[in-house]
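All remarks here apply to the structure that follows.
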Amino acid sequence: MSFPAQDPVGRLIEQLRRLPGIGPRSAQRIAFHLLRAPQPEAEALAEAIVEVKRRVRLCGVCFHITEGERCRFCLDESRDQGLVCVVEQPLDVFAIERTGYRGVYHVLHGVLNPLEGVGPEQLRLAELVERVRRGGIREVIMATNPSLEGEATAMYVRRLLEPFGVQVTRLARGLPAGADLDYLDDATLTRALEGRQAL
Amino acid sequence: MYIYRLSLRNFRNYASVDLELDRGLSLFVGENAQGKSNLLEAIYLLSTLRSSRAASDADLVRRDVLESPFPVARLECEVERSAGNLRLEVAIVGRTVDPSHRAGKRVRVNGIPRKASDAVGQLAAVLFTTLDIGIVAGAPLLRRRYLDMMISQVDRGYLRAMQRYARVLQQRNSLLKRIQGGQASATELNFWDQELAHSGGIIMFGRAQALAQIIPHAKLHMERLSDDQERLDLTYRPALGGLEDVDCPLDEPEWIARLLRALQRVRQREIQQGTTVVGPHRDDFAVEIDGMPADAFGSRAQQRSAALSLRIAEAMYLRQALGDDPVVLLDDVLSELDARRRRGVLEILDTFQQTIVTTADPDRVRDVLTRASGRFVVIAGTISRFEGE
Ligand SMILES: [Zn+2]
C-alpha cells in the first residue's frame, strides 16, 4: 500500500522515512499512530521538533549542541580549558560527562569512513587544528569509538596535530572492539579515560 | 574426535533427520539429488560456520518453510573430543518477518550463545569433493580458500586477522578511488597502510607456516597415490609487488614489515588503479608435478591425485595442530578412483577416528561397503539404516 506524496499522510510517511533506522513499514506504523493520537500529543511532538531546530545549534568553539553562542562546558571557568576530549558525536559528550571528566570537548560529527565518502573535510577537523594552533591546549584526548574507523580518525588527528607539540592521547586499550562509547558502562569508560596513553 | 549424534531440521531438503553415528567409516548411499551432499554440507557448516557451496543463508533453509513464520533451519551435533565433549547448535534464519530481527546464524556451544566466528573449528572437519581438482587446476581464489578454511579452524588469531583484513581492504580501496578522483589526499592512506600490513602480515605468516607443515604430507601421499611416484611441489607466492623473494623463513613482524614496504613501493600504481594490488587477497601458491606447473601440464589423473594429496595433508595438519583427529568427509570422491588408489586413500583414512563417505554407486565401491561400520540409504531427504548388501 502506498500513498501519493501530495497526500498529507503520504507526506508524513515520506518525512519519517528519512529518519535514521526507520524503514517503510515503521514509517507507516508511526504515521498511523500519530493519526490516532490525541491532538495535543501530536502537536507537542511537532513543537518539540520546531523548537529544537530553532533554539539548538552547535557551539562555536567545540561544536557540541547548545542553545547559546557557546556551550556550558566552554563557558565553565572551573573546567580545565587546556584539556580537550575529542568525540564522534554529541551523545558521546554525555557518556564522558558521567565519568566525572572536568576538561572540555571537541565534537567531530562523524569519523573518517572512505566507504561512506566521509573524509577530513566532512568533519570538524580544521576547526580542531585551529583551536590547537591558537594555543592554550595542553592535551588532546582522542575518544573516538574503538572501531576501525574510530582508530583511523585518532591516528589521522595525531598526525595533524604533530607540528603543534600538543600531547595527543588515546583511551586505554581493552575497550571491547567495535563498542559504541555511549553504550559502555561508566566504570569501564572511566577506566579507559584514566588509563589513556600517548598516541 | 567423532560425531555420535547429528540432527537436522529444515536444512536444505531435510525436514527432520536424527542420526546416531559410530567411530570408523559411515557410508551413505543414494542417487543424485536425494540429499547426500547436503548431509556433508551440514556437517562441514557445523565446523566452519560457512556453507561449502557459497550459498546464502536463505538457500540453506528448506523451501517449504521459507515462507512460514519460522523460516529457520537447525543443525545440531554431539561430538566426543579429546579436549572435552561438545554440543554444537546452529540456527540459520533464512528470512526475517519482523524487520527488528536479524537474518543470519545463531550459534550455541555447549548451550552457551557464541558469535559464529568463535565457534569455528570447535568441530574440526575436512571435506573432500569432486570439485577439489580446482585447488590444483583452478583459480588462485580456490587455493587461498583451501588454506583459509584449514588454518582458521585451528588459529583464532588468523580468523580474526582475515575478518579485519576484509574490512580494512574495503575501506582502503574506497579511499584509493577517492584519491584517484581527487576527493582525498594520499596522506589519509597512512593509517590504512599500517592496518592492512598488520592484519595482512599475520595472514601471510599463517599461510607460509601452514604450507611448510603440509608440504611433507602432500609430497608423501602424492608419491603413494600416483602411478609413477610423481613428485609434488608447493611454493607459496605471496603478493608483495616485487618483494616476494623470501630465502629464509620470516617471523610475523617481518611479514608485516615486508607488506608495509610493498605498499609503499606500489603506492603510485595503486592510486592510478584505484585498488589495492599487494596483500594476501592476491596471494597464490604454485602447484608443480615433477617440476611442471600442474594446471597447464598435469594430466587429469595427476591433478586428481594432487588434489587428494592436498586434502589428506589438510587432515594431517589439523590432527597435528589439534592433537585430535578431524572428522573426514568424502563427498562421492571414491567412485572416481581406481581400486588401487581407493585402497591407498582408505588405508590412510582408517587411521582417523571417523570418516563419513557418500556414494551414488555402491557397486563401484564394494570395498568401501565391506569396511563400513554404519550403512545408510538416502532417499528424498530421508535417511535410514540398512544392513547387509
Ligand atoms: Zn563548546
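Throughout, a chain's letter reflects where its sequence line sits, starting with A, and its residues are numbered from 1. Hydrogens, waters and symmetry mates play no part in the numbers below; they use all other heavy atoms, side chains included.
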Q | Under the side-chain contact (heavy atoms from CB on, under 4.5 Å) test, residues paired with B:Asp64 that sit two or more places apart | A | B:Arg62
Q) Taking A:Gly23, A:Ala154, A:Gly117, A:Gly119 one by one, which has the highest count of heavy-atom pairs under 4.5 Å against chain B? A) A:Gly117
Q: Using the side chain to side chain donor-acceptor pair (under 3.5 Å) rule, collect all pairs that involve residues 155-168 of chain A, keeping only residues at least two apart or in two chains.
A: none
Q. Is it true that the side chains of A:Ser78 and A:Arg102 contain a donor and an acceptor less than 3.5 Å apart?
A. yes
Q | Engaged part of A:Glu151 at the chain B interface, taking heavy atoms whose separation is under 4.5 Å | A | both
Q: Please state whether the side chain, the backbone, both or neither of B:Arg167 comes within less than 4.5 Å of a heavy atom of chain A.
A: both
Q: Rounded to the nearest 0.5 Å, what's the gap from SG on A:Cys74 to CZ on A:Arg79? Could you check?
A: 9.5 Å
Q: Tell me, for B:Gln170 versus chain A, whether the close heavy atoms (under 4.5 Å) come from the side chain, the backbone, both or neither.
A: both
**Q.** Under 4.5 Å from a heavy atom of chain A, the part of B:Gln194 involved
**A.** side chain
Q: Go through A:Gly21, A:Ala152, A:Pro120 and name the one with the most non-hydrogen pairs under 4.5 angstrom from chain B.
A: A:Ala152
Q) Taking everything shown except B:Arg63 itself, do over 12 heavy atoms lie less than 6.0 Å from its CZ? A) no
